[in-house]
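Down below is the structure, laid out as structure tokens.
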Protein chains: 2
Amino acid sequence: MGTVTKALQLLTFFSRAQPLIGLSDMARLSGMNKATVHRMLGELQAAGFVEQVGAGRHYRLGPVYMRLAALREHAVPLRDVVGAVLQKLCDETQETAHFSLLQGTQLVATTHAYSPHHGTRVTMEDAQILTLHGTSSGLAVLAYASPDFARAVLEAPLPARTKHTITDPDELRAKLAQVQKNGIAESISGFEEDVHSHAAPIFDAQGQPLGAIAVAAPVARMDDTLRQTVRRATQQAGLHLTRLLGGFPPDTYPTP
Amino acid sequence: MGTVTKALQLLTFFSRAQPLIGLSDMARLSGMNKATVHRMLGELQAAGFVEQVGAGRHYRLGPVYMRLAALREHAVPLRDVVGAVLQKLCDETQETAHFSLLQGTQLVATTHAYSPHHGTRVTMEDAQILTLHGTSSGLAVLAYASPDFARAVLEAPLPARTKHTITDPDELRAKLAQVQKNGIAESISGFEEDVHSHAAPIFDAQGQPLGAIAVAAPVARMDDTLRQTVRRATQQAGLHLTRLLGGFPPDTYPTP
DNA sequence: ATTAGTCGGTTCATTATTTGAACCATTGGT
DNA sequence: ACCAATGGTTCAAATAATGAACCGACTAAT
């Protein structure tokens, strides 16, 4: 492992739970010698990637990231980042993958990727508005939204898009509890007939859900093998995208 | 110079004008050997700090910055970053420094730092609203705001806070041209009597002014020496803060 | 008051990594 | 067909990274 890699690895130990790390801790965490870590932190500090909080105390992430993040966003707009994750999820599952963004109280499916693997596939309209109670994406968001928001949604009228749409608030509450337990939401024909979909929430920097990533397959194709694949891949993609967007799953989010 | 420093230096060559850099270019820019640069970019890429756009093509900034920027913001809120810059500016000039944020059409002075060096000093109210045409901060913002915004402000009634407030639109337009030329705005007793202030605009990631950083001194103390010091320090602080906040001065902004 | 165990930071001989000139294989322009 | 770029690779020589031991300062417990 090269020196640069080792130095950059140090940055990965910072987290919201541990924004300040001392020299000895860092040496322990990285498994490297204290002197080595000290020199590396010195170089990282000189470049602004890390800074020391007081006089000779702990280290924390430095001031360069705002600028670099802005440059990155300029070079690769979020749309492209989302698109790349969707493409990968789509390749892994061979089914339609889509991303939806919570805009106010509406969940809008903004981006999608189709798999060329099957002749039949679930298709999406552009900027389709998804119901919060009738889609897996909606349930994924609701399960991690603020209690106030979820209550408001469940107390409002719950239209049935299909004859399978769950419209009973209590039944929905039970479903949300299950989503919270598994970290992934599932909906069978609740929005479109013959569509079986799974979704994972995407979180912002405050740990609030900002949208969801989902995989939608024809009901007929959803056997147990595919279901396992989809669930695993969707949850991973969700965590990955959350991370890429600079967000953080809340502490209550289950680890896969 | 350590290897880590050299590798991190590579990241500084990316800019909005040059978001994609090839191996040879990078070697030229850094003055290092191509093989060295190649290995470093490889390590940076493995860590996600850089990525390759196509198959074996140019490099661009990687996906890690969103996350790191979010962590940094969590550890050090913007308020603290602004505060640190103000404190430094205040120390350098021995006068009151303040930062104001453009909120809609209102410019609000959100943070300030006082120098203990003099018995008399300019004091600020909390969340004081600054006029766009009567303060140096306002002029700094106006000079770099969109033409539509500036026109709308100049066509609206221009109240005079003091007898020195400039209220003639043409005279103001001339002043704005001067600000655009120098990159720094100046106002003498236009908002409060006996206050002589200088301000530099702060830009967001789109190159739009989001606020200003300013130094305000009693008129009596503003001799030529102090004026030079203040102008230099304010402009530097402005550029520095813009950079720290992930913003970019527009191409039209003069280099000091 | 003494001790023992931290901490951040430093030293320097040993070691392993980095370095760079020369070298491919491709590509695009003339 | 050629030339001059490009991205990428090789390997002996040069250099920088490493880590055990050490320092002084501090804290908590004895």
Side-chain angles (χ1 to χ4, degrees), chain A residues 1-15 17-64 71-72 75-76 80 84, chain B residues 1-64 68 71-72 75-76 80 84:
Chain A
M1 187 165 45
T3 315
V4 176
T5 302
K6 289 183 214 161
L8 295 180
Q9 190 203 24
L10 297 181
L11 299 176
T12 66
F13 296 117
F14 292 101
S15 66
Q18 198 169 16
L20 262 56
I21 307 183
L23 176 60
S24 298
D25 277 343
M26 194 59 106
R28 260 188 296 279
L29 285 166
S30 62
M32 297 190 293
N33 187 282
K34 208 170 46 161
T36 303
V37 172
H38 181 252
R39 190 177 38 78
M40 285 175 173
L41 286 174
E43 292 201 58
L44 289 170
Q45 181 168 36
F49 283 69
V50 131
E51 68 183 10
Q52 275 179 296
V53 54
R57 301 229 114 269
H58 294 107
Y59 295 84
R60 68 180 174 203
L61 290 173
V64 300
L71 281 172
R72 160 74 180 179
V76 189
D80 298 355
Chain B
M1 185 164 47
T3 315
V4 176
T5 301
K6 289 183 213 162
L8 295 179
Q9 191 203 15
L10 296 181
L11 299 175
T12 66
F13 295 117
F14 292 102
S15 66
R16 285 209 299 179
Q18 197 170 18
L20 262 57
I21 307 184
L23 176 60
S24 298
D25 277 342
M26 194 59 107
R28 259 189 295 280
L29 286 167
S30 62
M32 297 191 292
N33 188 281
K34 209 170 45 159
T36 304
V37 173
H38 181 251
R39 190 176 39 76
M40 284 175 173
L41 286 173
E43 291 200 57
L44 289 170
Q45 180 168 35
F49 283 70
V50 131
E51 68 183 8
Q52 275 179 295
V53 53
R57 302 228 113 269
H58 295 175
Y59 295 84
R60 68 181 175 203
L61 290 173
V64 299
L68 290 170
L71 282 172
R72 160 74 180 179
V76 188
D80 298 355

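Numbered from 1 within each chain, the chains take letters A, B, ... in sequence-line order.
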So OG1 of B/T3 and CD of B/E43: to nearest 0.5 Å the spacing works out to 9.0 Å
So does A/Q45 get a side-chain nitrogen or oxygen closer than 4.0 Å to the phosphate oxygens (OP1/OP2) of C/dG9? no
As an exercise, state the distance from CD of B/Q45 to NE2 of B/H38, rounded to the nearest 0.5 Å. 8.5 Å
Taking ring pair (Phe, Tyr, Trp, His ring centres under 6.0 Å) as the definition, give me every residue that meets it alongside A/F49, ordered by chain and number, with sequence neighbours left out. A/Y65
Would you indicate, yes or no, if C/dC7 has its OP1 or OP2 atom less than 4.0 angstrom from a side-chain nitrogen or oxygen of A/Y59? no
Are side-chain heavy atoms of A/M26 and A/F13 found at a separation under 4.5 Å? yes
If you round to the nearest 0.5 Å, how far is NZ of B/K34 from OG of B/S24? 5.0 Å
Rounded to the nearest 0.5 Å, what's the gap from CG on A/L8 to CG on A/L10? Could you check? 8.5 Å
At under 4.0 Å, does any side-chain N or O of A/H38 touch on OP1 or OP2 of C/dG8? no
Residue pair B/M40 / B/Q9, side-chain heavy-atom distance below 4.5 Å: no
To the nearest 0.5 Å, tell me how far B/F14 CZ sits from A/L71 CG. 9.5 Å
Going by salt bridge (charged side-chain N to carboxylate O under 4.0 Å, His left out), name the residues that satisfy it together with A/D25, two or more places apart in sequence or in a different chain. A/R28
Whether each nucleotide of nucleotides 11-30 of chain C has a protein heavy atom under 4.0 Å at its base (B), only at its sugar-phosphate (S) or at neither (-) is summarised, 5' to 3', as B-----SSBBB---------
May I have the distance from A/E51 (atom CD) to C/dG8 (atom C1'), rounded to whole angstrom? 17 Å
Backbone N or O of A/L20 within a donor-acceptor pair of the A/R60 side chain at under 3.5 Å? no
Can you run down the salt bridge (charged side-chain N to carboxylate O under 4.0 Å, His left out) pairs that involve residues 6-20 of chain B, sequence neighbours left out, and say none if there aren't any? none
Taking CG from A/L41 and C1' from D/dA17, how many angstroms apart are they, rounded to a whole number? 15 Å
For the helix from C/dA1-D/dT30 to C/dT30-D/dA1, what angle lies between the axis at the first five pairs and the axis at the last five pairs, to 10 degrees? 40°
Kindly state which residues belonging to residues 21-31 of chain B come within less than 4.0 angstrom of DNA chain C, counting heavy atoms of the residue only, listed by number. none
